2 protein chains.
Amino acid sequence: MSRSTGRRLGRAGIRDVAAAAGVSITTVSDALNGKGRLPDATRSHVREVADRLGYRPSAAARTLRTGKSGLLGLTVTTYGDEPFTFTEFAYFAEMARAATSAALARGYALVILPATSRHDVWSNVALDGTVVIDPADGDPVVTELVRHGIPVVSDGRPGGALPVTGWVDNDHEAAVLGLLDHLADAGARRIGLLTGNTTDTYTRLSTTAYLHWCERVGQDPVYESYPAHDPCAGAVAADRLLARPDRPDAVYGLFDPNGTDLLAAARRYGLRVPEDLLLVCCSESTLYAATEPPVTTLSLKPRRIGTAVVQILIDAIEGLDTGRPIEQVIPTDLIIRASSQRRSPRTTVSPPRAPTGD
Amino acid sequence: MSRSTGRRLGRAGIRDVAAAAGVSITTVSDALNGKGRLPDATRSHVREVADRLGYRPSAAARTLRTGKSGLLGLTVTTYGDEPFTFTEFAYFAEMARAATSAALARGYALVILPATSRHDVWSNVALDGTVVIDPADGDPVVTELVRHGIPVVSDGRPGGALPVTGWVDNDHEAAVLGLLDHLADAGARRIGLLTGNTTDTYTRLSTTAYLHWCERVGQDPVYESYPAHDPCAGAVAADRLLARPDRPDAVYGLFDPNGTDLLAAARRYGLRVPEDLLLVCCSESTLYAATEPPVTTLSLKPRRIGTAVVQILIDAIEGLDTGRPIEQVIPTDLIIRASSQRRSPRTTVSPPRAPTGD
DNA sequence: CCGCCATGCAGAAACGTGTCTTTCCGAAGC
DNA sequence: GCTTCGGAAAGACACGTTTCTGCATGGCGG
């Protein structure tokens with residue numbers, strides 16, 4: 001049987017369009033992609049025939065020929081033993097959502113992939129580039145990707161001289177320092193920290209910033225750490241922190257659920273917030289606007305980060321890069337609510353200060 | 001230049017492996033895929049050479065040849081004007097996470113795609129199948145996908161005779177009826193509903209189940225609806241519901257943030273929970289375990305749904321289907337906490353030394 | 001001793017597209 | 001009048017893999 005009649009079942013190919021329009025394959029390709037020198041009459045004719053046949057170019061064939069798939073990987077490193085922490089917290093959900101929207105707007109789609117170095121999964125999909133969330137130092141997946149010539153942009157400043165194309169991150173040190181200053185301004189004398197025992201960049205930078213701040217103001221560090229992937233462990237660690245003999249009068253929690261964990265622990269110990277205990281936690285959840293009391297949160301602006309990461313990555317893919325790594329720092333946002341304001345609203349006080357930090 | 005020496009830059013191809021191993025292309029392909037009849041010596045030799053060269057088969061070429069890409073689409077329909085509601089609520093995050101894990105375990109990856117019928121995005125990626133979350137009646141994207149022979153499995157029972165391969169859903173009617181019975185058992189005399197004004201299946205089924213229950217027990221329906229995509233509107237609607245002259249003494253909120261919305265509204269009206277107002281909301285967030293008071297939540301088991309959807313879809317793709325649509329109902333889980341139990345567990349605060357709750 | 005089958009492997013045809021090169025043809029220039 | 005030039009479209013190849021077909025060899029039964 002001839003090749004033009006053999007494909008009765010299945011989708012229409014470019015050959016079918018060419019035959020139906022009475023032109024060659026080249027003309028069809030050029031007409032649909034706007035590439036060659038064709039009169040407008042031919043262009044519209046071919047397009048009309050293609051539409052009538054319901055023709056959709058094969059993504060696989062196009063990818064094979066052009067080398068561009070229009071797919072970006074989105075990976076998340078694992079915390080501890082958990083196999084997969086995608087959208088473990090609201091941060092990831094928001095960031096992934098923004099990244100997906102930004103990619104879609106430029107004609108790309110996102111593929112969710114694990115950060116493990118399972119070859120079979122990674123090699124089964126043709127990637128134009130990859131977004132890596134919080135890569136570990138010397139991440140083998142990242143090095144292998146760049147060795148294959150795939151651009152990698154990371155959310156989180158990479159450590160260990162990772163050869164990424166670029167990165168986007170918050171200034172975690174400045175955020176923690178500003179937040180601690182805010183608590184001190186509100187009257188905190190001893191600020192505690194609820195942190196993780198993992199080695200990821202966010203946890204490490206935030207913790208060292210806390211230690212530096214303590215050193216600067218001459219306060220003994222008071223902190224508890226726990227495996228961040230275990231939600232129950234957070235509640236226990238919050239309890240431990242408030243059970244210490246050197247109980248802090250203000251606490252910053254690094255992870256999303258810490259706000260409710262600390263509120264619950266404070267209730268168990270009969271501590272009033274904010275009268276007896278000032279509270280701030282890092283979270284993207286709007287639920288903290290409606291808790292009792294509302295909790296001051298530090299937002300890492302995941303939407304801006306997700307958008308920026310994708311823009312940098314696509315710029316690099318499409319050859320708009322400047323040759324050197326592109327680095328971008330997104331400012332954080334401290335959303336001040338009742339839990340970190342010592343003065344009760346009943347007493348007449350000076351109007352609340354403008355939220356413009358240093 | 002010959003074809004074997006021309007590709008110096010770029011990844012190693014199967015030809016390079018064949019040349020380096022001193023065998024033919026066929027032998028390399030068979031050895032790596034475990035297909036042909038080869039002695040184990042040749043197999044291991046080829047594999048060793050391929051590893052040494054860092055050979056990764058081209059996903060695009062394999063997809064073109066075999067017709068299988070190993071990619072599954074994951075789409076979310078839009079609510080109202082919002083362009084993209086992926087992981088708008090914790091439900092989507094959990095469901096997407098479970099679906100991703102389940103797909104990965106069977107060698108597939110998930111591509112996040114918008115539910116709009118933008119051709120250019122959909123046709124730029126070769127899909128083996130698609131998961132559609134809560135499709136609208138007669139969804140054009142779904143019909144076009146099945147017309148192209150791509151299996152579609154939906155999260156949420158499809159309406160409008162949508163030709164999906166299968167679907168997974170909760171028994172929303174039974175869940176709402178059981179939950180309302182639970183509230184009535186706890187002493188509720190007039191149960192209100194906080195619902196959405198969208199036409200998606202979840203909202204519609206839950207609301208009609210509520211109305212049926214009211215009819216059965218002879219209670220006048222008391223409900224407020226609002227656009228579920230707008231977080232501020234939820235707080236306003238919660239306020240409206242509690243401001244009514246026929247104020248309910250128990251409320252069920254259909255959406256994730258309704259719990260804190262209703263708690264805040266109750267505080268504004270001086271209503272104690274659960275003494276004056278019983279509360280249940282549908283949510284997957286663990287934050288409700290630590291609110292004041294903890295809120296009873298209805299979990300739709302998104303992890304089980306995400307896993308089941310992917311299993312059904314991959315079974316259909318790999319030809320394990322039975323010919324008829326596969327339908328699966330996942331039971332819901334009512335997590336009973338203090339907000340829906342009229343008796344207060346204790347009037348004094350329990351000693352702080354035992355962090356093990358309940 | 002001949003034919004046959006099982007084994008081990010190579011050659012080559014696809015998969016469907018993009019694009020380089022070539023061909024054709026009419027019109028303009030010397 | 002012949003060449004050249006440029007526009008329009010066709011031919012052919014390549015992308016890298018899978019897989020069908022087929023060739024050679026050696027062991028075995030008849």
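Computed from a predicted structure; not experimentally measured. Hydrogens, waters and symmetry mates play no part in the numbers below; they use all other heavy atoms, side chains included. Throughout, a chain's letter reflects where its sequence line sits, starting with A, and its residues are numbered from 1.
- When distances run from any side-chain atom of A:P39 to the nucleotides D:dA8, C:dT17, C:dA10, the shortest one goes to D:dA8.
- The CZ-P distance, from A:R56 to C:dT17, rounds to 12 Å in whole Å.
- Here the C1' atom of nucleotide D:dA8 and the CZ atom of A:R43 are 11 Å apart, to the nearest Å.
- Between B:S58 and D:dC15 there is no side-chain polar atom (N or O) within less than 4.0 angstrom of OP1 or OP2.
- Distance CD1 (A:I14) to P (D:dA10): 12 Å, rounded to an integer number of Å.
- At whole-Å resolution of the value, CG in B:L64 and P in C:dG18 are 12 Å apart.
- Proximity of A:D16 to A:Y55: side-chain heavy atoms (C-beta onward) are nowhere separated by under 4.5 Å.
- A distance of 9.5 Å separates CG in A:L104 from CD1 in B:I112, rounded to the nearest 0.5 Å.
- Side-chain N or O atoms of A:D155 include none that pairs as donor or acceptor with a backbone N or O of A:D134 at under 3.5 Å.
- At the heavy-atom level, A:T63 lies nowhere under 4.0 Å from the strands shown.
- Among the candidates B:D139, B:L145, B:L127, B:L313, the single residue satisfying the side chain to side chain contact (heavy atoms under 4.5 Å, CB included) test with B:V152 is B:L145.
- In this structure, B:D16 atom CG and D:dG16 atom P are separated by 9 Å, rounded to whole Å.
- Considering only side-chain N and O atoms, B:S24 lies under 4.0 angstrom from the phosphate OP1 or OP2 of C:dA10.
- The stretch residues 25-38 of chain B touches DNA chain D through B:I25, B:T26, B:S29, B:D30, B:N33, B:K35, each having a heavy atom under 4.0 angstrom from the strand.
- Here the P atom of nucleotide C:dG16 and the CG atom of A:L53 are 15 Å apart, to the nearest Å.
- Atom CZ in B:R15 sits about 14 Å away from atom P in C:dG11, given to the nearest Å.
- Counting non-hydrogen atoms of other residues, nucleotides and ligands closer than 6.0 Å to CZ of B:R106 gives a total above 12.
- With no hydrogens or angles considered, a side-chain donor-acceptor pair links B:S24 and B:T27 at under 3.5 Å.
- In this structure, CG in B:L162 is found 7.0 Å from OG1 in B:T143, a value given to the nearest 0.5 Å.
- The nearest whole Å value for the distance from the CZ atom in B:R65 to the P atom in D:dT17 is 13 Å.
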